[in-house]
Amino acid sequence: MRRRQVPAVAVLVGLGALAGLAGCGNRPNNLETYYDDPAPAPGTSASVAPPSRVVDSPVVSSSAVPDPGRAEAALLSDSDVAEEGVAPGSGRVSGCLSGLAAGERKSVSWVYPSGSALTHEVTVYADRSGEDVVAGAHCAGVEVSLPPQPGVVVQRAWCEGSTCAVLVAKGNLVSALSVAASTPARAQDAARRLLPKVVAKLSG
């Protein structure tokens, strides 16, 4: 009796497999469509994301606009130069400092009783670093070494005759000091005295 039941079971299993294959036969064996989601039933909505597209449009960043307030805040004040015995003047940075890259610039000037001039100018840049501006500056005269100041990326100084110019940079700010005195020694001494104050204003 057991020998007669084994074929019957095999036949039933074979029929089930054939039925399963017959159920799959109405869908083509296409790898591109085989795993597609079924279409939504009528009356239902399906959100379709639009295709992404890269658009080359300029992006305006608030950091790309120079803030003139930063330049003005880094300027020397009357109290900063009070020990120099100067009075407000109308001079401007001259020589190589006038050839610095254009930016948002603020300046202030004073005059000594002897007629010598002291000018301080601060420029903020939107598209370059202050270090690059100072590193690329070329001034007439002899480059001199002044005591290095903490908190600045780079500092350089030149003296031509009795006029000395100092450039210091931090971030996108460049601080420029020009001292025109009666002698080269006096101009360099004034620049050396004022340099720490220039850096303190720049760092502040």
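As a basis for the values below, the full set of heavy atoms in this structure was taken, side chains included, without hydrogen atoms, waters or symmetry mates.
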Would you tabulate the side-chain donor-acceptor contacts of residues 183-191 under 3.5 Å, counting partners in other chains and residues two or more places apart, or write 'none'?
from	atom 1	to	atom 2	distance (Å)
T183	OG1	R186	N	3.2
R186	NH1	S182	OG	3.1
D189	OD1	R192	NH1	3.2

Practice prompt. Check whether L194 and V144 end up in the same hydrophobic cluster, where Ile, Leu, Val, Met, Phe, Trp and Tyr are linked by side-chain heavy atoms less than 4.5 Å apart.
Written response: no
Residues 169-204 vs disulfide bond (SG atoms under 2.5 Å apart), sequence neighbours excluded, gives none
Exercise for review: With the side chain counted from C-beta on, respond yes when S203 and K170 share a heavy-atom pair under 4.5 Å apart, and no when they do not.
Suggested key: yes
Sorted by chain and residue number, the salt bridge (Lys or Arg N to Asp or Glu O under 4.0 Å) partners of D132 (sequence neighbours excluded) come out as none
Between the CG atom in L173 and the CD atom in E104, the distance rounded to the nearest 0.5 Å is 11.5 Å
Separation between CD (E121) and CG (L167), nearest 0.5 Å, reads 10.0 Å
Charged N to carboxylate O under 4.0 angstrom, E84 versus R193? yes
Exercise for review: Take V166 and V198 through the side-chain contact (heavy atoms from CB on, under 4.5 Å) test and state the conclusion after the steps.
Suggested key: CA-CA 10 Å; V166 183; V198 168; over 6 Å; no
- Task: Measure the shortest side-chain to side-chain distance between D80 and K201 over non-hydrogen atoms and say whether it is less than 4.5 angstrom.
- Result: yes
So disulfide bond (SG atoms under 2.5 Å apart) across residues 158-204, not counting sequence neighbours, yields C159-C164
**Prompt:** Is there a side-chain contact between R156 and W158, using heavy atoms and a 4.5 Å cut-off?
**Reply:** yes
E83 meets the side-chain contact (heavy atoms from CB on, under 4.5 Å) criterion, sequence neighbours left out, with K197
Across all chains, not counting sequence neighbours, the side-chain contact (heavy atoms from CB on, under 4.5 Å) partners of S145 are none
Rounding to 0.5 Å, atoms CG (L146) and CD (Q155) come to a distance of 6.5 Å
When every non-hydrogen atom of V153 is compared with those of G171, the smallest separation belongs to CG2-N, 4.4 Å
- Message: Quick check against the 3.5 Å criterion: does N172 have a side-chain atom that pairs as donor or acceptor with the backbone of Y125?
- Response: yes
Of all heavy-atom pairs linking S175 and V122, the shortest is OG-CG2, 3.9 Å
Rounded to the nearest 0.5 Å, the CD atom of E143 sits from the NE2 atom of H138 at a distance of 10.5 Å
query = Run the side-chain contact (heavy atoms from CB on, under 4.5 Å) check on L177 and L195 step by step: do they pass?
reply = CA-CA 8 Å; L177 179 70; L195 181 57; 5.8 Å; no
Give a yes or no on whether the backbone of A165 and the side-chain of S178 come within a donor-acceptor separation of less than 3.5 Å.
no
Looking only at heavy atoms, the pair that brings A71 and K106 closest together is CB-CG, 3.9 Å
S116 and A180 have their tightest heavy-atom pair at CB-O, 2.8 Å
Here the gap from L118 atom CG to W110 atom CH2, rounded to the nearest 0.5 Å, amounts to 6.0 Å
